[in-house]
Amino acid sequence: MDGQILATCGVGFAAAYVVTESGRELRLAEVVGDAEGGHQPATTYALTGHSPVADACRDGGPLWLTTEDGARYSLQGDGPVPTPAPAESAIDASPAGRVRAGALPLGGEARLLGCLFVVSGRAGGGFSTDQRALLELYADQAAAGLEAAAARVTDRTGAEPPFSPTLLPARGGCFMLALGTGHMDVDTAVLDMFGIPPENFDGDVSALLECTHPDDAPALMSVVEPHHTDSDQHLAFRIRRRNGELRWLDLHCRVLAGPDGRPQRVLGLVGDASSLRPTGDDVSLVQRLSAALSGATTIHDVGKVVVESLRAPLNADRVAVAELEGDRLVVTVLEPPEPDAWPRSWRSEWRSEWPDASCHALPTLQSALRQGHVSLWPTGIELEPYLKEVGPGGLAVLPLPADGRMVGVCLVGWEGEHRFGPGDRSLLTAVAGMVGQALDRAHALDAGHELATMLQRSLLPRTLPDLPGGVAAARYLPATAGLEVGGDWYDVIPLSDSRVALVIGDVQGHSAGAATIMGQMRTAIRAYAVEGHPPDVVVAHSNQLLVSMETDLFATCTYVDLDLEEGTAWAVRAGHPPPLLRLPDATTEVPEIEGGPPLGVIADGEFPITQLSLAPGTLITLLTDGLVESATLHMEDGMRAVRDLLTLSDPADPGKVADDLVTNTSQRHDDVAVLILRYDGMRVRPIRAQWAVWRLPDAVMHARRFTSRTLRDWAVTEEADSVLLVVSELVTNAVAHTQGEVRLALTLTGDRLRVAVNDASPRAPVKTENVDWEATGGRGLLLVAAMSAAWGSVPLSGGKQVWCDITLSPRVEPAPNAPPGPGAAPPP
């Protein structure tokens, strides 16, 4: 045992006991100092007896004794059961109440290894709160040494080797760090391990941090800047001494809270772990693991790195990584992945999909997570069946610490007998610290990725509308580098029964700001388009809006207004790649579309329109530059590759074509968006009729006469009364409540008739919920809603349109030689 640490903690006498092979007694293994009053401790204690060491081992926690409590025990034999120590204030109030002795179990609940008995060496004094905390940490450190010794308890002949005086930590020191000031009280032994002369140390913790290896600095910073006080921490880390020597140190620490409950002080023990690194193989393993973990950005990636880094070098048969979520362990990676390679009890408990398991159902793992120490279980040790079957020849349980808490656990199991060497514990402790930090970092990255994904999805269309003369499909992939949220967007905007607008665009940059501008531009373009503006006006208005915003970002876009009935498209480009056309004969072409400047650059920029003619079966493909251009791919080559793929594609499934386009874009430094529409032409072409309503006293009568004539021409007779009633109400409202031109439009498509009235007022109609019997108005829209299948109002440039759809009953098809009936395509 380390006399320096014990002396610093005020110990005058210490005795270490180990559990005998029978498991029924504690045998004296090591003594430091002189027993107070000349008393000598007994060489053995029965675990079922009434002694401080036996009671502490049965209770599973430290037993601190005051002067009065100590009188109830006989240090050389069994005694009565002690009374609990009084409260802290009572202990410090009088010399008789001071804590003079303590019994500290060595090992956890799952495996008792021994007990450490200490007696204060100060005359009339006792152990302070800090000293008791340091001694409890020292007991944890001693338990680690006992466990390492227990793993090699027998030699090749099967005989038990003699007890080694180096069984417990033999070299180290303690420290106290004040978190508010960064001041550190350090033993000279700790400064000696760091290679810092005591006269050159000014008490600033940064002097020690400067010696830490860069790869281990994040884990050590989580100790000196803790956010929690709920658990002790165990960490193995490397330092670079001033003479260039690289040394491994072992750290056990505890965070103490202040009156406000926040972390105030850190008490810790630092031990020299250099003797546990006899070769460079373990160092190289840690270095490789550190380099691999630096590139792991997801929880699954961290698990894969752990498996690849540990299984082969340690010749392990099984490796499992589980993250801690609340009180449950969620298995993330299993190697080997086949269920048959794992115990049957695991398959019955966690089923084939390995969902999760409660910590309360796993006492060994629960104890390891609570204590935060690496546990090594050689063959022959009694464990829960599902753990023993993971490593029948040896099992290592690695709690994964990060930021003062446990974020998961790693299990390493061997099928055949595995003898743990003297460096295994230190190696696995170092590995656990790095893996815990990487797992915590992956959680943060996953949270950021999830937030970015949610933001991106909320700004893009959830679904694309069903179109009467075509099928649309879209794909979006965020960049894989940096923040995975960018400015690419797409939209499909129905403009009327036979017209649709296709939009794709890209806002400069990859940030939340770019995504915000993207959402604003998509909303603005949709609003201008629905108002009925032509394509060049829609893009020009959007450009002026972006110029007026307080942003330095610009955007590019392509806007296509497509008449699904005629196959005519009007396209506008604003600094964006042109659309690609796959013709029905499988050839592809890039239409010549005159482009304008990007949006947000020139307030009065001009955006010319280019007219295109599409044949049924044509695929029109809109894309962003992330698909066709990168640091290693010129845009011309990218466009050529997309054209080749479109030539070989099957236009029957636009979604499959979109998937094929984005398949080979795994490494992306820019967003990728693709919008594809297959133009089929309308099977049933609408029949339209319009009427300009005169503002005369009998305007409604003329509108009804026009409607009657049109319905007779279209052979619509059964629903004529309903249509006339709706026309009367809509025209009356427009004439009575608006000024300017009023137009009535009738459109017949198959078995659906749309009545639409346009006026110059932007004010939408208000449907009255409750109409009194004595009211003279307010019933018009109620009648419209009752007579129609659907109705609504959309804004138009300088006004609005109120529309309603009336479903017609099935009609008898005309004879072959009869004139074309309603809804049929007109003759060429």
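All values below come from the heavy atoms of this structure, side chains included, with hydrogens, waters and symmetry mates left out. Count residues from 1 along the sequence.
- Without hydrogens or angle criteria, R643 side chain to L581 main chain gives no donor-acceptor distance under 3.5 Å.
- Side-chain contact between V537 and F607 is absent, with no heavy atoms from C-beta onward closer than 4.5 Å.
- Using modelled atom types, no side-chain atom of K800 and backbone atom of A760 make a donor-acceptor pair closer than 3.5 Å.
- For the atom pair OG (S496) and CG (L564), the distance works out to 8.5 Å, reported to the nearest 0.5 Å.
- Side-chain atoms of D650 come within 3.5 Å of backbone N or O of A652 as a donor-acceptor pair.
- Summarising the geometry, atom CG belonging to L746 is positioned 6.5 Å from atom CG belonging to L711; distances are rounded to the nearest 0.5 Å.
- Side-chain contact between Y679 and V500 is absent, with no heavy-atom pair separated by less than 4.5 Å.
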I'd like to know whether E719 forms a side-chain hydrogen bond (donor to acceptor under 3.5 Å, both in side chains) with S809, so could you lay out the CA-CA distance, the side-chain angles of the two residues, the decisive distance to 0.1 Å, and finally the verdict.
CA-CA 8 Å; E719 295 83 5; S809 57; 3.0 Å; yes

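- Residues Q544 and A603 approach most closely at CG-O, 3.5 Å, considering heavy atoms.
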Under the side-chain hydrogen bond (donor to acceptor under 3.5 Å, both in side chains) rule, what do T807 and R752 come out as? Steps first, then yes or no, please.
CA-CA 5 Å; T807 303; R752 183 169 55 90; over 6 Å; no

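- Using modelled atom types, no side-chain atom of R678 and backbone atom of L619 make a donor-acceptor pair closer than 3.5 Å.
- Evaluated for a side-chain hydrogen bond (donor to acceptor under 3.5 Å, both in side chains) with N758, the options R743, Q801, Q690 yield exactly one hit, Q801.
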V757 and V731: CA distance, side-chain angles, deciding distance, side-chain contact (heavy atoms from CB on, under 4.5 Å) verdict
CA-CA 7 Å; V757 175; V731 173; 4.3 Å; yes

Apply side-chain contact (heavy atoms from CB on, under 4.5 Å) to I676 and L661, showing your working.
CA-CA 11 Å; I676 297 178; L661 288 177; 3.9 Å; yes

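- D563 contributes atom CG, which lies 5.5 Å from atom CH2 of W570 (distance to the nearest 0.5 angstrom).
- Put simply, the side chain of T732 never gets that close to the backbone of E729: no donor and acceptor are under 3.5 Å apart.
- Annotation: side chain of S761 is not in contact with side chain of Q739 (no heavy-atom distance under 4.5 Å).
- Every residue meeting the side chain to side chain contact (heavy atoms under 4.5 Å, CB included) condition with V628, not counting sequence neighbours, appears here in chain and number order: L623, M635, M639, V642.
- Remark: R754 is positioned above the aromatic ring of W803, its terminal NZ or CZ atom under 6.0 angstrom from the ring centre and at most 45 degrees off the axis.
- With a 6.0 Å radius and a threshold of 12 heavy atoms from other residues, nucleotides or ligands, D552 has its CG atom at or below the threshold.
- Residue I525 comes nearest to S542 through the heavy atom pair CG1-OG, 3.1 Å, listed as atom of the first residue, atom of the second, then distance.
- A side-chain donor-acceptor contact under 3.5 Å links T551 to the backbone of L553.
- For the atom pair CZ of R705 and OG1 of T707, the computed distance is 12.0 Å after rounding to the nearest 0.5 Å.
- N543 and G600 make their closest contact through OD1-N, 2.8 Å (heavy atoms, listed as atom of the first residue, atom of the second, distance).
- Remark: L744 CG to L730 CG distance equals 8.5 Å, nearest 0.5 Å.
- Nearest approach of D561 to R499, heavy atoms of both residues: OD2-NH2, 2.5 Å.
- Considering all non-hydrogen atoms of both residues, D680 and G470 come closest at OD2-CA, 3.9 Å.
- R522 places no side-chain N or O within 3.5 Å of a backbone atom of I517 that could act as its donor or acceptor partner.
- Counting only residues at least two apart or in different chains, side chain to side chain donor-acceptor pair (under 3.5 Å) contacts with residues 604-629 comprise D488-T624.
- Around the CG atom of D466, the shell of radius 6.0 Å holds no more than 12 heavy atoms that belong to other residues, nucleotides or ligands.
- Inter-residue side-chain proximity for C557 and W489 is flagged as met; some heavy-atom pair is nearer than 4.5 Å.
- Closest non-hydrogen pair, P584 versus G617, comes out as CG-C, 4.1 Å.
- Of the charged side-chain nitrogens involved, at least one lies within less than 4.0 Å of a carboxylate oxygen, so that K656 and D660 count as a salt-bridged pair.
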If you apply the rule side-chain hydrogen bond (donor to acceptor under 3.5 Å, both in side chains), what do you find for D585 with T587, and how did you get there?
CA-CA 6 Å; D585 61 358; T587 60; 2.6 Å; yes

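- Judged purely by atom type and a 3.5 angstrom limit, R526 uses its side chain to pair as donor or acceptor with the backbone of V492.
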Would L677 and V471 satisfy side-chain contact (heavy atoms from CB on, under 4.5 Å), going step by step from the backbone distance to the final call?
CA-CA 6 Å; L677 183 137; V471 178; over 6 Å; no

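- Counting only distance, with no hydrogens or angles, the side chain of R573 and the backbone of T558 share no donor-acceptor pair below 3.5 Å.
- Remark: R688 engages E565 in a salt bridge, criterion side-chain N to carboxylate O under 4.0 Å.
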Under the criterion side-chain contact (heavy atoms from CB on, under 4.5 Å), I'd like the reasoning laid out for V538 against Y559: C-alpha separation, chi angles, the key distance, then a yes or no.
CA-CA 9 Å; V538 171; Y559 182 98; 3.8 Å; yes

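- I687 is listed as a side-chain neighbour of W714, based on a closest heavy-atom distance under 4.5 Å.
- Counting heavy atoms of neighbouring residues, nucleotides and ligands inside a 6.0 Å radius, atom CD of E636 does not exceed 12 of them.
- Screening L725, V723, L724 for a side chain to side chain contact (heavy atoms under 4.5 Å, CB included) involving V727 leaves a single residue, V723.
- The structure places CG of D506 at 8.5 Å from CZ of F554, a figure rounded to the nearest 0.5 Å.
- Residues that satisfy the side chain to side chain contact (heavy atoms under 4.5 Å, CB included) test with H702, not counting sequence neighbours, are W691, W694, D698.
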